[in-house]
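Quick note: residue numbers are just sequence positions, from 1.
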Amino acid sequence: MFKSLKKLSCIVFTLLITFSFISESFAHSAGGGLVWIRSPYKGHDDYILPFPSVQVDTKYFFIKGLSLGLNLYKDDAGEHELTLGVMPGSLIFDPDKTDEFRLKFLDKRDISLDAYIQYIRTFNFGSFGAKIYMDVLGNADGFGIDGFYKLPIYINNFTLSPGVGINFTSEERNQYYYGVSLAESKRSGVIAYEPEASITPFVFVEASLLTENGLTFFALAKYSFYSDEITDSPMVGEDHGLIISAGAMYNF
């Protein structure tokens with residue numbers, strides 16, 4: 001796991017530093033936070049990871065937390081937005097981090113670095129978005145698609161944005177993270193499993209608070225309802241996913 005995180009961190013930090021030098025005069029805010037990821041795998045440790053949080057948004061490119069990329073199109077009214085970017089995934093399976101004996105003989109599943117293209121349409125009553133992504137590190141084959149809706153609620157300097165969405169994950173990507181090959185089955189005694197594509201609904205809420213001294217505190221919680229293609233895997237011990245992150249940024 002740590003080698004994967006190190007490789008991913010090097011890529012992300014290199015891109016962050018590069019963009020930071022290019023966009024020094026455009027920097028909006030910078031800070032950091034922590035993210036907690038509940039592992040779906042049986043007996044597997046959850047993850048608590050620190051991350052840098054930088055907010056830069058120019059005519060041509062953006063950095064938003066660990067997501068960065070190019071603004072392909074943004075209209076003057078702010079109603080249409082098309083972006084091309086990269087961001088890390090949230091799934092890691094390390095056989096050394098599980099207390100399920102048979103799972104210790106399975107192969108490691110590394111974290112992904114997903115390239116994506118995303119379109120967001122904003123209305124007075126919220127925004128709709130769609131995103132398609134795939135792993136550029138070559139760890140997980142296949143692709144995923146997210147569709148979502150969120151509604152910002154503004155209360156002075158506090159913003160609360162609840163939302164709902166649905167995720168489609170291709171068979172190849174599910175096979176990497178939840179499948180068990182025949183070779184792994186013979187080695188571990190875990191039943192061989194080949195999942196098909198899955199559809200996973202999710203709900204989320206984002207919150208931010210801007211203080212008078214220029215600090216912004218932020219938080220995010222996302223709850224996913226796993227489909228049978230995921231929960232039927234002999235590797236999986238949860239019927240839902242949960243990610244919670246929080247942090248602070250200073251506004252320039």
Student: Roughly how far apart are K42 NZ and L103 CG, rounded to 0.5 Å?
Tutor: 7.0 Å

Student: Run F218 and L209 through side chain to side chain contact (heavy atoms under 4.5 Å, CB included) and show every step you take.
Tutor: CA-CA 6 Å; F218 61 87; L209 174 65; over 6 Å; no

Student: Work out which heavy atom in V180 is nearest to a heavy atom in M235; give both atom names and the distance.
Tutor: CG2-CG, 3.8 Å

Student: In terms of relative ring orientation, are F93 and Y41 parallel, tilted or perpendicular, with 30° and 60° separating the classes?
Tutor: perpendicular

Student: Does D146 reach the main-chain N or O of A130 with its side chain, forming a donor-acceptor pair under 3.5 Å?
Tutor: no

Student: Without hydrogens or angle criteria, can the side chains of N167 and T169 be said to hold a donor-acceptor pair below 3.5 Å?
Tutor: yes

Student: Membership question, hydrophobic clusters at under 4.5 Å side-chain separation (ILVMFWY): are V164 and F168 in the same one?
Tutor: no

Student: Do L84 and L82 belong together in a cluster built from hydrophobic side chains that touch within less than 4.5 Å?
Tutor: yes

Student: Is it possible for you to check whether K222 lies under 6.0 Å from the centre of the six-membered ring of F202, through NZ or CZ, and within 45° of that ring's axis?
Tutor: yes

Student: Do you see a donor-acceptor pair shorter than 3.5 Å between the side chains of S198 and N174?
Tutor: yes

Student: Among all residues two or more places apart in sequence or in another chain, which pass the ring-ring contact (aromatic ring centres under 6.0 Å, His included) test with F105?
Tutor: F101

Student: May I ask you to decide if T211's main-chain N or O and N157's side chain share a donor-acceptor pair within less than 3.5 Å?
Tutor: no

Student: Contact between Y73 and Y119 at the side-chain level, heavy atoms closer than 4.5 Å - yes or no?
Tutor: no

Student: Between atom CZ of F225 and atom OG1 of T200, what is the distance when rounded to the nearest 0.5 Å?
Tutor: 11.0 Å

Student: Flag yes if V54 and Y60 sit in one hydrophobic cluster, no otherwise; membership is Ile, Leu, Val, Met, Phe, Trp, Tyr, and two members link when side-chain heavy atoms are under 4.5 Å apart.
Tutor: yes

Student: Below 30° counts as parallel, above 60° as perpendicular, anything between as tilted: where do the rings of F204 and F148 land?
Tutor: perpendicular

Student: Would you call F51 and L49 a side-chain contact if the rule is heavy atoms closer than 4.5 Å?
Tutor: no

Student: Between I48 and V35, is any pair of side-chain heavy atoms under 4.5 Å apart?
Tutor: no

Student: Answer whether the closest heavy-atom distance between the side chains of T98 and K104 falls below 4.5 Å.
Tutor: yes

Student: Are L70 and I117 joined in one hydrophobic group, where the rule is that I, L, V, M, F, W and Y side chains link up if heavy atoms are under 4.5 Å apart?
Tutor: yes

Student: Using the six-membered ring wherever Trp is involved, compare the ring planes of H240 and Y223 and label them parallel, tilted or perpendicular (cut-offs 30° and 60°).
Tutor: parallel

Student: If we ignore angles and hydrogens, is there a donor and acceptor under 3.5 Å between the side chains of Y116 and S67?
Tutor: yes

Student: What pair of heavy atoms forms the shortest contact from T216 to L210, and how long is it?
Tutor: OG1-CD1, 3.3 Å

Student: Give a yes or no on whether Y226 and L242 share a hydrophobic cluster (residues Ile, Leu, Val, Met, Phe, Trp, Tyr; joining criterion: side-chain heavy atoms under 4.5 Å apart).
Tutor: no

Student: So L160 and Y154, do their side chains get closer than 4.5 Å, heavy atoms only?
Tutor: no

Student: Hey, could you give me the CG/OG distance between D107 and S181, rounded to the nearest 0.5 Å?
Tutor: 6.0 Å

Student: May I ask you to decide if G241's main-chain N or O and S224's side chain share a donor-acceptor pair within less than 3.5 Å?
Tutor: no

Student: CD1 of I191: more than 12 outside heavy atoms within 6.0 angstrom?
Tutor: no

Student: What pair of heavy atoms forms the shortest contact from P195 to G179, and how long is it?
Tutor: CD-CA, 3.7 Å

Student: Please name the pair of heavy atoms, one in D45 and one in Y47, separated by the smallest distance, quoted to 0.1 Å.
Tutor: O-CE1, 4.0 Å

Student: Can you tell me how far apart CD (E196) and OG (S227) are? Round to the nearest 0.5 Å.
Tutor: 10.5 Å

Student: Can you see which heavy atom on A192 is nearest to which on S185, and at what distance?
Tutor: N-OG, 3.5 Å

Student: Using modelled atom types and a 3.5 Å cut-off, is there a donor and acceptor pairing between side-chain atoms of N71 and backbone atoms of T58?
Tutor: yes

Student: Kindly indicate, with the supporting measurements, whether the criterion side chain to side chain contact (heavy atoms under 4.5 Å, CB included) is fulfilled by Y176 and D110.
Tutor: CA-CA 9 Å; Y176 180 74; D110 291 318; 3.7 Å; yes

Student: Quick check: does any side chain N or O of R102 sit under 3.5 Å from a backbone N or O of G189, one acting as donor and the other as acceptor?
Tutor: yes

Student: For a 4.5 angstrom cut-off between non-hydrogen side-chain atoms, does L66 reach P52?
Tutor: yes

Student: To the nearest 0.5 angstrom, please state how far the NE2 atom of H44 sits from the CG atom of D96.
Tutor: 9.0 Å

Student: Could you tell me if the side chain of Q118 sits less than 4.5 Å from the side chain of I120, heavy atoms only?
Tutor: yes

Student: For R121 and S127, what are the C-alpha separation, side-chain angles and deciding distance, and is it a side chain to side chain contact (heavy atoms under 4.5 Å, CB included)?
Tutor: CA-CA 6 Å; R121 176 69 165 95; S127 58; over 6 Å; no

Student: Would E184 and R109 count as a salt bridge (Lys or Arg N to Asp or Glu O under 4.0 Å) here? Give the steps.
Tutor: CA-CA 13 Å; E184 287 180 302; R109 274 68 166 174; 2.8 Å; yes

Student: Would you confirm whether N156, through its side chain, and F158, through its main-chain N or O, come within 3.5 Å as a donor-acceptor pair?
Tutor: no

Student: Does E79 have more than 12 heavy atoms from other residues, nucleotides or ligands lying within 6.0 Å of its CD?
Tutor: yes

Student: So, are K74 and D57 salt-bridged, with charged N and O less than 4.0 Å apart?
Tutor: yes

Student: Which heavy atom of I145 sits nearest a heavy atom of Y133, and at what distance?
Tutor: N-CE2, 3.8 Å

Student: How long is the straight-line distance from CD1 of I92 back to OH of Y177, given to the nearest 0.5 Å?
Tutor: 8.0 Å

Student: Is there a side-chain contact between W36 and D46 in this structure, where contact means two heavy atoms from C-beta onward sitting under 4.5 Å apart?
Tutor: yes

Student: Evaluate the side chain to side chain contact (heavy atoms under 4.5 Å, CB included) criterion for residues D141 and R173: first the C-alpha distance (whole Å), next the side-chain angles of each, then the deciding distance (0.1 Å), finally the verdict.
Tutor: CA-CA 5 Å; D141 292 330; R173 191 171 174 108; over 6 Å; no

